[in-house]
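Structure, as structure tokens:
Both ligands and their constituent atoms are indexed starting at 1 by order of listing.
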Amino acid sequence: MIIEPRMRGFICLTAHPDGCAQNVKNQIEYVKSKGAINGPKKVLVIGASTGFGLASRITAAYGSGASTIGVFFEKAPSEGKTASPGWYNSAAFEKEAHAAGLYAKSINGDAFSKEIKEKTIATIKADLGQVDLVIYSLASPVRKHPDTEVLHRSTLKPIGGTYTNKTVDFHTGNVSEISIEPANEEDIANTVAVMGGEDWAMWIDALKAENLLAEGATTVAYSYIGPALTEAVYRKGTIGRAKDDLEATAFKISDKLKDIDGKAYVSVNKALVTQASSAIPVIPLYISLLYKVMKAEGIHEGTIEQIQRLYADRLYTGSPVPVDQEGRIRIDDWEMREDVQAKVAELWKAATTETLPAIGDLAGYRSDFLSLFGFEVDQVDYQKEANEVVAIEGLV
Ligand code: NAD
Ligand code: NA
């Protein structure tokens with residue numbers, strides 16, 4: 001079958017197995033090229049199939065030779081439909097890892113549910129005994145609460161007033177003004193329920209209750225701050241409240257892990273094109289300007305460069321983990337550099353449909369977006385029939 005991208009709004013309905021596999025191989029090669037990290041040995045990654053979570057799994061496996069269990073929620077291929085990209089990514093990762101002699105197993109289902117936590121616990125017990133690193137990298141629009149069965153939906157809204165700013169449709173390049181109505185209390189509570197720290201704490205509680213966390217275990221969840229430009233819709237909006245809650249949860253988890261000398265961190269990561277971020281208004285315009293500036297400065301990074309740096313230069317240096325005044329790890333340091341932000345703010349003022357192709361990296365945005373689905377990946381011949389991938393090797 002020849003597979004082509006089929007767009008609907010901000011999502012792509014198709015994914016290319018060979019492109020996804022090539023992306024995984026490229027990430028593996030990058031981590032190997034950076035050399036060994038004296039890092040984790042047994043790792044659980046929750047949200048392991050795409051974005052920062054996939055990069056976390058690859059860095060653990062190929063930087064430190066770690067055994068990994070990946071949890072994700074992805075679609076297998078079905079009649080007339082390709083799988084979701086994270087499904088192909090995971091199939092490729094499992095195949096590569098096994099060929100390299102690395103333990104890898106995957107669990108596909110709702111990480112918010114009791115059932116998937118139990119399945120994960122049983123797998124750790126049977127195969128690994130304990131884990132020494134738990135990465136929490138879920139990005140989801142909904143969460144069915146395991147106790148109340150209420151389905152919470154997250155929103156991306158400002159708080160306190162209507163937010164009006166520029167945005168771009170990155171498919172057409174059209175820059176327009178967008179107004180987003182403020183959230184009500186229910187929107188805020190729902191967003192915190194989905195993207196806040198409660199589920200992270202539930203995972204850690206469940207693992208600890210079964211004595212599955214090794215002495216000195218670390219857990220890390222991912223957050224974002226970003227510039228003044230996007231503050232009203234991101235950090236001071238509904239999603240920002242969820243991130244505040246996630247960050248507060250790190251301290252609560254660290255307290256609970258004191259007896260095993262464990263620690264919970266939040267790492268603040270750079271803005272990047274992922275399935276999650278392309279759905280947020282205003283952010284794609286910011287990212288396309290940011291990419292332009294960071295590429296010109298030679299400091300652009302993708303998810304794998306970010307996470308390799310997180311492990312090698314922050315978490316596993318042999319010295320105390322450097323954190324900011326709020327106790328957070330910062331790998332958004334290059335994005336937030338004053339000179340970078342000053343340039344982006346200048347470009348922001350000048351951004352229109354006419355100027356953006358020259359002053360922003362719209363082409364880079366689009367190509368990164370397509371690449372998430374396995375399209376426009378350099379080493380792949382798209383004229384050839386795509387390989388059929390029908391199973392994930394280590395699926396539990
Ligand atoms: P992503 O969409 O690429 O990855 C989300 C992962 O969560 C996938 O593996 C998916 O399968 C999994 N998932 C979603 N719902 C699930 C469910 N119910 N059960 C099991 N798995 C589920 O997203 P990402 O951009 O890598 O985001 C990961 C984290 O990083 C989020 O907390 C996000 O806020 C944060 N972050 C993202 C950016 C960015 O610019 N993309 C920047 C900083 C921080
Ligand atoms: Na992820």
Side-chain angles (χ1 to χ4, degrees), residues 10-11 20 23 44-58 70-76 83-90 93 106-117 119-120 135-146 151-154 156 191 194-197 199-200 202-203 220-227 230 234-235 238-240 242-247 249-250 266-280 282-284 286-287 290-291 301-304 306-307 310 328-332 335-336 365 368-369 371-373 392:
F10 294 116
I11 55 167
C20 290
N23 281 335
L44 169 63
V45 180
I46 303 156
S49 54
T50 59
F52 285 109
L54 174 63
S56 304
R57 187 175 197 187
I58 292 173
V71 178
F72 47 78
F73 206 3
E74 301 291 346
K75 282 199 187 76
S84 57
W87 194 94
Y88 287 134
N89 291 340
S90 302
F93 174 83
S106 293
I107 293 163
N108 190 14
D110 182 7
F112 297 127
S113 71
K114 288 181 181 161
E115 181 204 341
I116 289 299
K117 288 184 177 74
K119 208 170 182 181
T120 307
I135 296 287
Y136 188 82
S137 186
L138 294 184
S140 174
V142 291
R143 173 180 173 220
K144 185 172 171 193
H145 197 284
L151 189 70
H152 299 280
R153 286 180 194 283
S154 70
L156 294 156
T191 307
V194 179
M195 289 297 284
D199 181 62
W200 182 25
M202 283 178 164
W203 269 100
V220 185
Y222 298 138
S223 188
Y224 182 65
I225 297 177
T230 61
Y234 196 94
R235 194 63 209 210
T238 47
I239 182 73
K243 292 303 187 189
D244 290 345
D245 184 70
L246 186 78
E247 291 174 16
T249 302
V266 158
S267 171
V268 183
N269 301 352
K270 176 198 187 204
L272 279 171
V273 181
T274 63
Q275 293 182 68
S277 69
S278 47
I280 309 178
V282 187
I283 299 281
Y286 169 71
I287 290 183
L290 180 73
Y291 273 28
E301 296 176 297
T303 48
I304 196 66
Q306 278 266 290
I307 300 300
L310 170 66
R328 304 172 295 208
I329 299 171
R330 304 297 296 264
I331 52 169
D332 65 338
E335 167 182 358
M336 298 311 283
Y365 193 105
D368 273 15
F369 180 80
S371 169
L372 296 175
F373 299 88
I392 297 176

Got an N/O contact under 3.5 Å between F52 and ligand 1? yes
Between the main-chain N or O of G196 and the side-chain N or O of K243, is there a donor-acceptor pair closer than 3.5 Å? no
Got a donor-acceptor contact below 3.5 angstrom from the W87 side chain to the N108 backbone? no
Which atoms from ligand 1 have a heavy atom of L272 less than 4.0 Å away? 39 (C), 40 (O), 41 (N)
Would Y224 count as being in polar contact with ligand 1, using the rule that some N or O on each side must be under 3.5 angstrom apart? no
Which of the numbered atoms in ligand 1 are under 4.0 angstrom from any heavy atom belonging to G47? 6 (C), 7 (O), 9 (O), 12 (C)
As an exercise, identify every atom of ligand 1 less than 4.0 angstrom from a heavy atom of F112. 18 (N)
Which option, V194, N108, L138, owns the non-hydrogen atom nearest atom 22 (C) of ligand 1? L138
What is the distance from atom CD1 of I239 to atom CD1 of I283, rounded to the nearest 0.5 Å? 10.0 Å
Evaluating non-hydrogen atoms only, which member of S137, A242, G51 is closest to atom 6 (C) of ligand 1? S137
Ranking M195, K243, K270 by closest non-hydrogen atom to atom 34 (O) of ligand 1, top hit is K243
Is there a donor-acceptor contact under 3.5 Å from the side chain of N23 to the main chain of S371? yes
With heavy atoms under 4.0 Å as the rule, classify the contact between A221 and ligand 1 as side chain, backbone, both or neither. neither
Report yes or no: does S84 contribute a side-chain atom to a donor-acceptor pair with the main-chain N or O of K75 at less than 3.5 Å? yes
Check contact between G86 and ligand 1, using heavy atoms of the residue and a distance below 4.0 angstrom. no
Test item: side-chain donor near acceptor, S223 and E247, under 3.5 Å: yes
Run down the list T50, N269, V45 and name the one with the heavy atom closest to atom 8 (C) of ligand 1. T50
At a non-hydrogen distance cut-off of under 4.0 Å, which region of S49 contacts ligand 1 (side chain, backbone, both, or neither)? both
Within 4.0 Å of some non-hydrogen atom of A271, the atoms of ligand 1 are 40 (O)
Side-chain (K270) to main-chain (E301) donor-acceptor, under 3.5 angstrom: yes
Counting N and O atoms only, with roles assigned by atom type, does the side chain of Y88 sit under 3.5 Å from a partner on the main chain of A83, one being a donor and the other an acceptor? yes
Any carboxylate oxygen within less than 4.0 angstrom of a Lys/Arg side-chain nitrogen, looking at R235 and D244? yes
Just checking, is any N or O donor in the side chain of S277 or Y224 under 3.5 Å from an acceptor N or O on the other one? no
Enumerated ligand 1 atoms positioned under 4.0 Å from heavy atoms of S223: 43 (C), 44 (C)
Please verify whether a non-hydrogen atom of A55 lies at under 4.0 Å from ligand 1. no
Hey, does R143 sit under 4.0 Å from ligand 1 if you only count heavy atoms? no
Pick whichever of T274, I307, V71 has a heavy atom sitting closest to atom 25 (O) of ligand 1. T274
Looking at S140, which atoms of ligand 1 are within less than 4.0 Å of one of its heavy atoms? 15 (N)
Contact atoms of ligand 1, heavy-atom distance to D110 under 4.0 Å: 17 (C), 18 (N), 19 (N)
Could you list which atoms of ligand 1 come closer than 4.0 Å to a heavy atom of G109? 19 (N), 20 (C)
